[in-house]
Amino acid sequence: MIDFKSELNDQQYTVVTEGEGPCLVLAGAGSGKTRTITYRVAYLLEQGAPENMILLLTFTNKASREMLGRVEKLMGRTLKGLNGGTFHKFALGILKKYARTIGFAPNFTILDSEDSKDLMKLAMEEVGLTGTSKKIPSAKTVHAIASFAVNADRGIADVIEERFSSWEHLADDITAAAERYHDRKRMAQSMDFDDLLKHLRNLLQSDEELCKTISGQFKYILVDEYQDTNKIQSEIVKLLSHVWGNILVVGDDAQSIYSFRAADINNILDFKREYPGAKIFKLEYNYRSTQSILALANSIIEQNKKQFKKTLKTTGIEGARAELLPAPTPEDEGSILAERIVQALHEGVPGREIAVLFRAAHHSQQLEMELAKRGIRYDYRGGMRFFERAHVKDALAFLRAVYNPMDEIAWRRMLTLYPGIGPATADAIYQLTRTGAAHKAKDMLSKRSHEGYAIFERDWREFEKKEKHPAVLLNHLVEGPYRRMLEEKYDEPNARIKDLEQMRLFAERQGKNLGRFLAEASLQESYAADAQKDKSEDERVVLSTIHQAKGLEWERVFVINLVDGEFPNERASKEIGGMEEERRLFYVASTRAKRQLVLSYSIMGGFYVNQRSPFLDEVAKHIVNAHMGRRTNDGGEVEYVSEDEPFVSTPRNASKPRSGFLSSVEDL
DNA sequence: AGGTCGTGGCAAGGG
DNA sequence: GCCACGACCT
Ligand SMILES: Nc1ncnc2c1ncn2[C@@H]1O[C@H](COP(=O)(O)OP(=O)(O)OP(=O)(O)O)[C@@H](O)[C@H]1O
């Protein structure tokens with residue numbers, strides 16, 4: 001038996017034991033929201049709820065694994081039947097089952113963002129939306145527009161007008177391209193990430209009986225990070241809670257940081273209207289951070305006008321004030337940080353309790369070099385995922401093509417690996433294959449592609465004969481054709497070959513089902529090559545984007561590159577509500593720290609003198625300046641000397657006092 | 001016309 | 001460090 005009373009405070013306990021019906025938990029950082037829903041799941045199980053009737057939706061699959069692991073530990077048994085994962089993963093599971101109902105074959109494949117962009121490029125060519133210079137939006141932009149429209153459940157024209165107004169004159173062409181894009185996805189029996197949500201919503205909406213059948217399976221639905229869900233996700237939640245009505249969502253409006261994928265804070269603000277009779281809970285004690293860090297965090301978020309005022313009381317010790325580290329140059333910032341990390345490790349702080357957080361993935365470059373120099377291994381989160389790497393996707397293209405022969409993007413990718421075959425020839429071959437006329441290809445193709453095509457034919461014939469078992473197929477590629485290509489192309493192919501071997505190991509653990517493997521691969525958000533849990537990984541320092549750090553916590557946190565234009569990011573600040581969202585990112589970053597927070601930036605940029613982030617000046621009184629002077633010692637080595645002084649905001653950046661908050665939680 | 005290869009401009013965030 | 005584009009070659 002779990003002693004819920006002693007593990008939770010009174011507010012948390014109330015949620016855990018009285019969280020039936022529609023419930024919203026709205027609470028600040030570190031107040032135990034995640035802990036509360038984790039215990040709620042354990043409580044439901046203890047009360048006899050069947051595990052397969054519980055659905056726990058999280059923001060990442062990693063978060064889901066961690067929470068389920070925690071519940072298993074609490075319950076002292078494994079829980080195989082519990083449904084947990086991201087909206088996308090959940091949607092895919094249902095759609096595989098009901099593919100025919102929505103006009104897809106069950107072997108449809110998933111397009112990642114690069115595939116989607118490539119397909120959009122083709123769609124744009126089709127409608128004549130081509131041309132160079134800055135007069136035409138990039139395929140990435142057009143895809144972003146179409147994607148936002150799906151996620152926000154709005155029209156393309158609307159989205160362009162509101163968020164991409166510089167392309168308003170091309171709205172008709174963009175709409176046409178989006179239509180072609182839609183058709184080609186269907187033709188290719190493929191879905192992008194947005195389609196997973198859209199088709200699930202449509203499926204549930206279109207058939208009352210089916211909606212009953214599906215939603216009847218989920219007696220208890222719990223959603224973490226609800227502030228970052230979008231319109232289509234909230235519609236899915238509504239439909240899924242149709243039969244039982246037990247929907248518990250937790251979130252913090254101050255941590256909403258995904259507006260670019262249409263996260264909509266109205267999901268929280270309108271919760272009571274959407275679910276009449278909903279209970280609203282608050283959690284008001286922060287269990288994570290020291291008083292100093294919490295005071296800083298509260299003062300960050302107070303600068304935002306469009307934010308609910310929430311109480312967040314401390315339970316911790318006072319602790320040290322956040323420390324400001326101005327470095328002379330970006331290189332110096334990297335080495336100062338690396339030295340600080342070495343020092344912390346030396347003091348006995350475990351690597352897993354240290355994190356470096358940054359606004360954008362490429363901000364970590366200098367530091368990575370300095371850590372490498374010192375032989376410090378780290379766990380990296382942000383930027384390109386493992387399954388997005390070019391060589392990994394090349395190999396996957398073969399598996400996709402054999403699993404779903406209509407997958408245009410996979411075919412193009414696979415075919416253009418061969419010499420003499422470019423986009424045009426690949427397209428011709430794909431069209432012939434698709435119509436069952438592959439045998440005609442030899443005669444119809446131009447001479448220069450003959451040799452490459454002959455090699456492809458041989459490779460493909462052999463590949464097709466193999467057992468459709470992902471590990472077998474990958475093994476064949478790594479031993480044979482794809483290894484050959486890598487060796488031809490690179491002087492040093494080994495790192496890439498190793499990645500492919502890692503993928504094969506991953507596939508072995510996934511079992512024999514090719515469809516399952518491809519699904520798992522396209523929704524895996526892991527960054528490490530060793531998807532296999534490396535023991536030492538737990539001990540490593542973490543380098544992460546702030547977005548990827550959501551929900552996590554560390555003893556010591558370094559937030560780096562606090563330079564105006566970088567953080568806040570210039571482009572983001574210009575969007576509607578952009579500056580406030582950047583500030584929320586700073587709030588999320590700071591509230592990851594349990595005991596010690598360090599804020600760094602460099603004074604010199606590449607060509608210009610940097611301006612430090614205005615966010616620093618806004619909260620100046622909560623920061624101490626550890627000014628690091630650089631000098632060369634007698635031995636010719638560069639040293640950094642601490643010249644402590646109080647941090648005083650200069651008038652240039654001093655923020656004007658802001659008027660009060662919009663409203664308070666009480667008004668909900 | 002289509003494929004390859006070199007390079008200049010460029011980089012926000014993610015399922 | 002990656003991608004899109006243009007120059008050049010077949
Ligand atoms: N009642 C409690 N007693 C002891 N520790 C607690 C309690 N509630 C929460 N904690 C601890 O406080 C920390 C923060 O909790 P949790 O991650 O659940 O907060 P959260 O509200 O989800 O945070 P955030 O929104 O910032 O991600 C965790 O280490 C958690 O174990």
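What you see is a predicted model; the values in this text were computed from it and never measured. The chains referred to below are lettered A, B, ... by the order of the sequence lines, with proteins before strands, and numbering in each begins at 1.
Taking a cutoff of 4.0 Å between a charged side-chain nitrogen and a carboxylate oxygen, Arg434(A) and Asp407(A) do not qualify as a salt bridge. Between Lys33(A) and Asp224(A) there is no salt bridge, since none of the side-chain N atoms of the basic residue sits less than 4.0 Å from a carboxylate O of the acidic one. By the 4.0 Å N-to-carboxylate-O rule, Glu618(A) lies close enough to Arg583(A) to be salt-bridged with it. Under 4.0 Å is where a charged nitrogen must lie from a carboxylate oxygen, and between Lys550(A) and Asp228(A) at least one such pair does.
One atom, NE2 of His143(A), and another, P of dA12(B), lie 17 Å apart when rounded to the nearest Å. Following rounding to the nearest Å, Arg413(A) (CZ) and dC3(C) (P) show an atom-to-atom distance of 9 Å. Put simply, CZ on Arg584(A) is 15 Å from C1' on dA12(B), counting in whole angstrom units. In this structure, the CD atom of Glu582(A) is 9 Å from the C1' atom of dG13(B), given to the nearest Å. The NE2 atom of His362(A) sits 11 Å away from the C1' atom of dG1(C) (whole-angstrom rounding). Taking atom CZ on Arg163(A) and atom C1' on dA12(B), their separation rounds to 13 Å, with Å as the unit. A straight line from CG of Asn230(A) to C1' of dG14(B) spans 12 Å, rounded to a whole angstrom. Between Tyr453(A) atom OH and dG3(B) atom P the separation is 15 Å, expressed in whole Å.
Within the nucleic acid shown, Glu575(A) comes within 4.0 Å of at least one base atom, counting heavy atoms only. Within the nucleic acid shown, Ser522(A) has no heavy atom closer than 4.0 Å to any nucleic acid atom. Contact annotation for Ala572(A): base contact, defined as any heavy-atom pair under 4.0 Å involving a base atom. Ser449(A) comes within 4.0 angstrom of no nucleic acid atom, judged by non-hydrogen atoms across all strands. Contact annotation for Asp112(A): no contact, since no heavy-atom pair falls under 4.0 Å across all strands. Across all strands shown, Lys550(A) has no heavy atoms under 4.0 Å from either base or sugar-phosphate atoms. Residue-level contact check: Phe59(A) touches the backbone only, with heavy atoms under 4.0 Å from sugar-phosphate atoms and none from bases.
The phosphate of dG13(B) has neither OP1 nor OP2 within less than 4.0 Å of any side-chain N or O from Gln548(A). Side-chain N/O atoms of Thr545(A) include none lying less than 4.0 angstrom from OP1 or OP2 on dA12(B). Contact annotation: Lys121(A) reaches the phosphate of dC5(C) (side-chain N/O to OP1 or OP2, under 4.0 Å).
Between the NZ atom in Lys198(A) and the CG atom in Asp194(A) there is a gap of 8.5 Å [rounded to 0.5 Å].
Comparing dG13(B), dG3(B), dA12(B) against the side chain of Asn569(A) picks out dA12(B) as the nearest. If you check dG14(B), dA12(B), dA4(C) against the side chain of Arg571(A), the one that comes closest is dA12(B). Each of dA4(C), dA12(B), dG13(B) was ranked by its minimum atom distance to the side chain of Glu581(A); first place goes to dG13(B). Distances were taken from every side-chain heavy atom of Glu114(A) (C-beta onward) to each of dG3(B), dC3(C), dG14(B); the shortest belongs to dC3(C).
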Could you pull out every donor-acceptor pair under 3.5 Å between side chains of residues 486-496 of chain A and any protein atom, sequence neighbours left out?
from	atom 1	to	atom 2	distance (Å)
Glu487(A)	OE2	Arg483(A)	NE	3.4

Taking distance alone, no hydrogens or angles, what donor-acceptor pairs closer than 3.5 Å link side-chain atoms of residues 411-418 of chain A to residues at least two apart or in another chain?
from	atom 1	to	atom 2	distance (Å)
Trp411(A)	NE1	Pro405(A)	O	3.0
Arg413(A)	NE	Asp394(A)	OD1	2.7
Arg413(A)	NH1	Glu114(A)	OE1	3.1
Arg413(A)	NH2	Ala390(A)	O	3.2
Arg413(A)	NH2	Asp394(A)	OD1	3.1
Thr416(A)	OG1	Arg412(A)	O	2.8
Thr416(A)	OG1	Arg413(A)	O	3.3
Tyr418(A)	OH	Asp459(A)	OD2	2.6

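If Gly383(A) and Gly422(A) are placed on DNA chain B by their nearest nucleotide, the residue sitting closer to the 5' end is Gly422(A). Across the interface with DNA chain B, nearest-nucleotide mapping of Arg359(A) and Glu388(A) shows Arg359(A) to be the residue nearer the 5′ end. If Gln365(A) and Asp118(A) are placed on DNA chain C by their nearest nucleotide, the residue sitting closer to the 5' end is Gln365(A).
Applying the 3.5 Å distance criterion, the base of dA11(B) shares no donor-acceptor pair with the side chain of Glu566(A).
At most 12 non-hydrogen atoms from other residues, nucleotides or ligands lie less than 6.0 angstrom from NZ of Lys231(A).
A ring-ring contact (aromatic ring centres under 6.0 Å, His included) with Phe615(A) is found for one member of Tyr601(A), Phe586(A), Tyr587(A) and no other, namely Phe586(A).
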Measure all distances between protein nitrogen or oxygen atoms and nitrogen or oxygen atoms of nucleotides 8-10 of chain C, and list the pairs falling under 3.5 Å.
from	atom 1	to	atom 2	distance (Å)
dT10(C)	O2	Arg448(A)	NH1	3.3

